[in-house]
**Q** 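Sharing a structure with you now.
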Amino acid sequence: MSVEITIDGKKLAGRPDQTILEVAQENGIHIPTLCTHPKLKPTGACRICVVDIGRKDRLEAACTTPIYKGMTVETSNDRVLESRRVVVELLLDNLPVDAATLDKDGENVLLDLAEELGVEPHRKKLLQKPRPSRATDTRNPIIVRDPDKCILCERCVNACNELRHYGVLNFEGRGYHMTIVSGVEQALLESGCASCGECAEVCPTGAFRPLAKELVQDEVDNVIKMGTVYPASSMTHSARGRLGLPPLEESDTSDLAIIAEKTRRARAEGGGAR
Amino acid sequence: MTEKYAFFRGCFIPSRAPHIEYVARKFLPELGVELHDVGGFTCCPEPTGFSMHEKLTWLAIAARNISLAEEQGLDILTLCNGCYYTLKHAVDELEDAELRSRVNEALSETGHQFTGRSRVMHFVQVLDEDIGVKKISQAVKVPLVGLRVAAHTGCHFSNRYGLEARLLDDLITATGASSVEYDLKNLCCGWMIGAYGQQEEGYMWLRNRLENMRKAQADCVTVICPQCYQQYDTGQMMAARKLSIPFKTPVLFYLQLLGLAMGHSLDEVQYGSHRVKDAGFEEKMRRILGA
């Protein structure tokens with residue numbers, strides 16, 4: 001059974017279990033998002049995807065609002081755009097760091113949004129004072145946590161809980177004092193974190209980010225050149241011989257060279273896995 | 001009945017811990033698990049740093065490995081949490097049709113295609129699901145009654161995908177030994193912490209784990225992952241030098257523990273290849289084994 005709705009004047013059909021955002025995306029209508037991530041259930045936390053469905057008192061989050069028959073949606077009228085701009089301004093202004101430091105490996109969803117909505121990241125701040133600064137946790141070598149870059153979008157919490165079932169990350173405090181904590185306000189290393197890296201993958205601002213690439217470059221190169229991170233030594237060969245195990249042969253890595261070349265090109269052209 | 005699997009050794013075990021490959025090849029067939037060597041497997045690849053920085057390449061190399069098993073019509077058996085994590089993760093992520101087509105495009109010139117037909121199984125899942133704990137109990141000739149074992153499942157296997165550490169507890173119990181409860185049982189071994197340059201943190205982490213096992217009066221620790229194995233063996237030796245840990249807790253890969261219960265001696269399960277040996281543990285094992 002299809003549900004007929006109108007988005008920006010276009011008559012569209014959706015399924016009853018779909019949200020406004022899903023129908024819009026299926027039909028090529030752009031609604032900017034921030035806390036939504038393809039791997040995660042929508043939470044409606046950030047209010048960037050708000051749209052006007054004709055209610056005087058409020059705008060609705062497109063990511064969590066289900067469609068209904070006869071719904072009329074405006075995705076980019078003045079009221080909607082102003083609301084999104086204020087959200088981005090407040091998010092930027094609440095940070096204890098300069099927005100320029102948000103950049104994560106050339107990608108930053110919040111800065112992209114600021115540009116899209118015409119918000120100048122370095123303008124005079126709306127807030128009297130930003131939230132308190134917190135120390136960076138660099139003790140875990142796999143994941144760096146930099147709470148000052150966090151915008152509380154909830155992606156990391158949901159990735160840790162829903163995707164990974166670790167339950168290590170969660171919110172602590174309310175309002176102005178709200179922050180993301182690991183364990184019982186412990187360092188990542190002490191909190192039961194398995195260093196899976198999912199938080200660093202989904203974080204839009206670099207508040208969680210992966211270890212420096214230099215640390216793993218040798219491993220990556222070894223896999224592609226030799227097919228292994230641990231090349232056999234003379235001790236390996238003698239131990240295997242003593243145990244009567246089949247000799248270790250060098251891997252044929254011609255396939256890996258082709259794969260690496262193709263996937264790296266795809267990534268450079270913007271078709272990565274993220 | 002024999003179950004046949006594509007044997008995914010990974011790159012750590014064959015080169016750095018061949019005695020683990022040895023016990024797998026020796027004891028798994030006795031339980032009806034046939035290990036088939038598939039030509040052309042490479043590193044899984046490494047699950048942490050590689051995936052964070054070159055996700056698509058990582059997925060495509062994993063997909064190529066899986067496709068080799070698919071071409072043989074076999075499920076994959078791994079001995080390593082890291083390999084399990086990478087390959088299982090790839091199977092799950094490649095359910096996404098668009099991502100799968102991108103990965104298969106990268107594989108196209110190699111003559112391989114990922115289809116998702118093969119299951120990826122950690123050997124403890126094979127023992128639990130395909131063989132069954134009952135059959136393992138039946139294979140036990142010398143129940144290891146009185147042996148107190150600290151189970152360490154390892155973080156790239158437990159918690160993930162809803163799998164629980166209970167699997168290893170059950171498999172330890174099946175040998176007649178008891179799996180002891182200890183503080184922070186399901187935490188990481190800390191191997192990666194040291195491997196990526198925080199050596200001191202890694203040693204302190206390990207000491208904390210060993211102390212918790214000691215408090216629970218564990219005779220040994222049992223692992224199902226070669227990196228965890230190395231952390232508790234070579235890592236324990238190094239940590240003891242740096243932090244003067246006043247006791248030793250030998251580590252056994254689960255298949256070594258099982259081998260002992262199946263009637264083999266410490267020598268036969270390659271205990272001689274270990275760095276951390278403890279006279280008290282050896283004495284107790286000899287008593288239990290009746291040797």
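Excluded from the calculations below are hydrogen atoms, water molecules and symmetry mates; all remaining heavy atoms, backbone and side chain alike, are included. Every chain is numbered from 1, with letters handed out A, B, ... down the list of sequences.
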**Q** Examine whether an atom of B:E98 lies under 4.5 Å from a heavy atom of chain A, and if so say whether it belongs to the side chain, the backbone or both; otherwise answer neither.
**A** neither
**Q** So what's closer than 4.5 Å to chain B heavy atoms on A:I259: side chain, backbone, both or neither?
**A** both
**Q** Classify the ring geometry of B:W191 against B:F12: parallel below 30°, tilted from 30° to 60°, perpendicular beyond 60°.
**A** perpendicular
**Q** Parallel, tilted or perpendicular: which fits the ring planes of B:H19 and B:H274, with parallel below 30° and perpendicular above 60°?
**A** tilted
**Q** Any side-chain to backbone donor/acceptor pair from A:D252 onto A:S254? Under 3.5 Å, distance only.
**A** yes
**Q** Considering only NZ, NE, NH1 and NH2 on the basic side and carboxylate oxygens on the acidic side, decide whether A:K262 and B:E105 come within less than 4.0 Å.
**A** yes
**Q** Please classify the contact between A:L245 and chain B as side chain, backbone, both or neither, with a heavy-atom cut-off of under 4.5 Å.
**A** side chain
**Q** Hey, does the side chain of B:W205 reach the backbone of B:C188 with a donor-acceptor pair shorter than 3.5 angstrom?
**A** yes
**Q** Between chain A and each of B:E46, B:H112, B:R16, count heavy-atom pairs under 4.5 Å; write down the option with the most.
**A** B:R16
**Q** Does any heavy atom of chain B fall under 4.5 Å from the side chain of A:E190, the backbone, both, or neither of them?
**A** backbone
**Q** Shortest non-hydrogen contact from B:R64 to A:D255?
**A** NE-OD2, 2.9 Å
**Q** Taking every non-hydrogen pair under 4.5 Å, which of B:P14, B:A60, B:P45 racks up the most with chain A?
**A** B:P14
**Q** I'd like to verify something: which residue of A:G244, A:A232, A:G227, A:S251 has the highest number of heavy-atom pairs under 4.5 Å with chain B?
**A** A:G227
**Q** Can you tell which part of A:L248 gets under 4.5 Å to a heavy atom of chain B, answering side chain, backbone, both or neither?
**A** side chain
**Q** Where the side chain of B:R100 meets the backbone of B:L94, is there a donor-acceptor pair that is under 3.5 Å apart?
**A** yes
**Q** I'd like to know if the side chain of B:Q198 reaches the main chain of B:I193, judged simply by a donor and an acceptor atom lying under 3.5 Å from each other, with no hydrogens or angles considered.
**A** no
**Q** Highest number of heavy-atom pairs under 4.5 Å with chain B: which of A:I258, A:N222, A:I142?
**A** A:I142
**Q** Looking at A:T253, A:N140, A:I143, A:L256, which makes the most heavy-atom pairs under 4.5 Å with chain B?
**A** A:L256
**Q** Report which part of A:P231 has an atom under 4.5 Å of a heavy atom belonging to chain B: side chain, backbone, both, or neither.
**A** both
